[in-house]
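Each remark here refers to the structure printed beneath this line.
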Amino acid sequence: MTNPVFSSLPTSIFQHITMLALKHDALNLGQGFPDEDGPLSLRQVAAKQLLDGPNQYPPSKGSAVLRQAVAAHAARFYGLSYDPEDEVVITSGGTEAVTAALMAMAGAGDEVVMIEPTYDSYRPMAEAAGAVVKSVKLEPPGWRLTEDALRAVVGPKTRAILINSPHNPAGRAFSREELEVLAKVVSGTDIVVICDEVYEHLVYDERPHVPLATLAGMRGRVLKIGSAGKIFSLTGWKVGWVMGPRELVSVVTKAHQFLTFTTSPALQLGVAHGLTHEMDFPIQTTRRLQKNRDILAAGLTKLGFAVQPCEGTYFLTAGISKLTNEKDFAFCERLIREAGVALIPLSAFFKSGTPDSYVRFAFCKQQALIEQSLDRLEKYFAKQ
Ligand code: PMP
């Protein structure tokens, strides 16, 4: 007997789309990783450490130099104060950070509220911990978070709310007003909010990233998650962190201790260097990606896609109902086969009650690839 949480999972949509894209030599705007590696200096620092050592276990909660750099980053960008000694824990990526936070906050029978569409690891890891997932659905057009939708699922058994802002795949950076609604709903309860903020620096149009922890009364109940992979375009590094009040972080640290115990010392040192010396990189990346987003949005609008607002992340969503009667999945498969462009059907991010006429484009790529993809789509639709 295997665990149904995992055995019942379908093949990942990313794997399916990528295999199909390879088979048909399609340009891949499906997978959400950059096609250029981040700063050389981080890699040099990590390489030197790898060669010179030591290469033994760093402390389970993370190398002191990285914990200090993570705390200093939160102070510099958001005015948030965390003690690097016991209010920061380094994890093997944002994914492990979310898992450790979920396991630390919720167990058998507890309810965890998530925002659908959801990043794919959230639900299975909460369910594997024995928790029951309740979803708040964001609705197109606009993908806005509302008080009514939140109140409909938050109840006496809710132990945690897991929110992702900026949001993959919706491309939303939740506004201060939306976050204030969330703050209002949890105030007076003992609900913890796990904030997956791995795209914190990828917010466009000069909008500020607003961490929930900066809202009045929230710091004491927020676990704030970050990822160096996203900040420095080094997604394979899998170095992340959780920050929060010490009484919550101490329990997250215990879960992390048995998930991975620790993270490569060389990569931790490289990331510490990045957070202290290379913070211009994410700013430049954001400018570059904003341009990609604009090119993509304009091109898709011209083709008849209903482009949704994209305020942050690597992703833009668009409605397809003016272009086809097909469901998103069939449409994406057809575009790979016939137009040579790969996208992700948005229904893959929902458990049920899904809008099935939206797709997700990843624009964290070279501008030329975006332009080539638009060119292929334009030629293809012109023949229809
Ligand atoms: N959270 C979200 C919302 C993501 O999109 C991703 C990466 N796609 C992660 C977490 C994972 O971060 P990491 O690679 O650091 O594990």
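Model, not experiment: these values are computed from the prediction. As the structure lists them, so they are numbered: ligands from 1, and atoms in each ligand from 1.
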Handout entry: Enumerated ligand 1 atoms positioned under 4.0 Å from heavy atoms of Ser227
Key = 13 (P), 15 (O)
Exercise for the section: Tell me whether the guanidinium CZ or amine NZ of Lys365 lies under 6.0 angstrom from the six-membered ring centre of Tyr314 and within 45° of its axis. Expected result: no
Exercise for the section: Could you tell me whether Arg334 and Glu326 make a salt bridge, using a distance below 4.0 angstrom between a side-chain N and a carboxylate O? Expected result: yes
Practice task
Before accepting this row, confirm whether a basic side-chain N of the pair Arg246/Asp83 lies closer than 4.0 Å to the acidic partner's carboxylate O.
Solution key: yes
Exercise for the section: For Gly93, counting its heavy atoms only, list the atoms of ligand 1 lying under 4.0 Å from any of them. Expected result: 15 (O), 16 (O)
Problem - Location of contacts on Lys230 toward ligand 1, heavy atoms closer than 4.0 Å - result: side chain
Handout entry: Tyr314 heavy atom under 4.0 Å from ligand 1
Key = no
Fill in the blank from the handout: Looking at Asp196, Val98, Asn164, Thr95, the heavy atom closest to atom 2 (C) of ligand 1 belongs to Asp196
Completion exercise
Among non-hydrogen protein atoms, atom 13 (P) of ligand 1 lies closest to Gly94 N, 3.3 Å
Practice task
Please say which of Ile115, Thr118, Val192, Leu102 ends up in a side-chain contact (heavy atoms from CB on, under 4.5 Å) with Leu162.
Solution key: Leu102
Problem - Between Arg123 and Ser135: side-chain donor-acceptor atoms closer than 3.5 Å - result: yes
Practice task
Say whether His273 and Glu278, considering side chains only, have a donor N or O and an acceptor N or O under 3.5 Å apart.
Solution key: no
Handout entry: Identity and distance of the protein heavy atom lying nearest atom 14 (O) of ligand 1
Key = Lys238 NZ, 3.3 Å
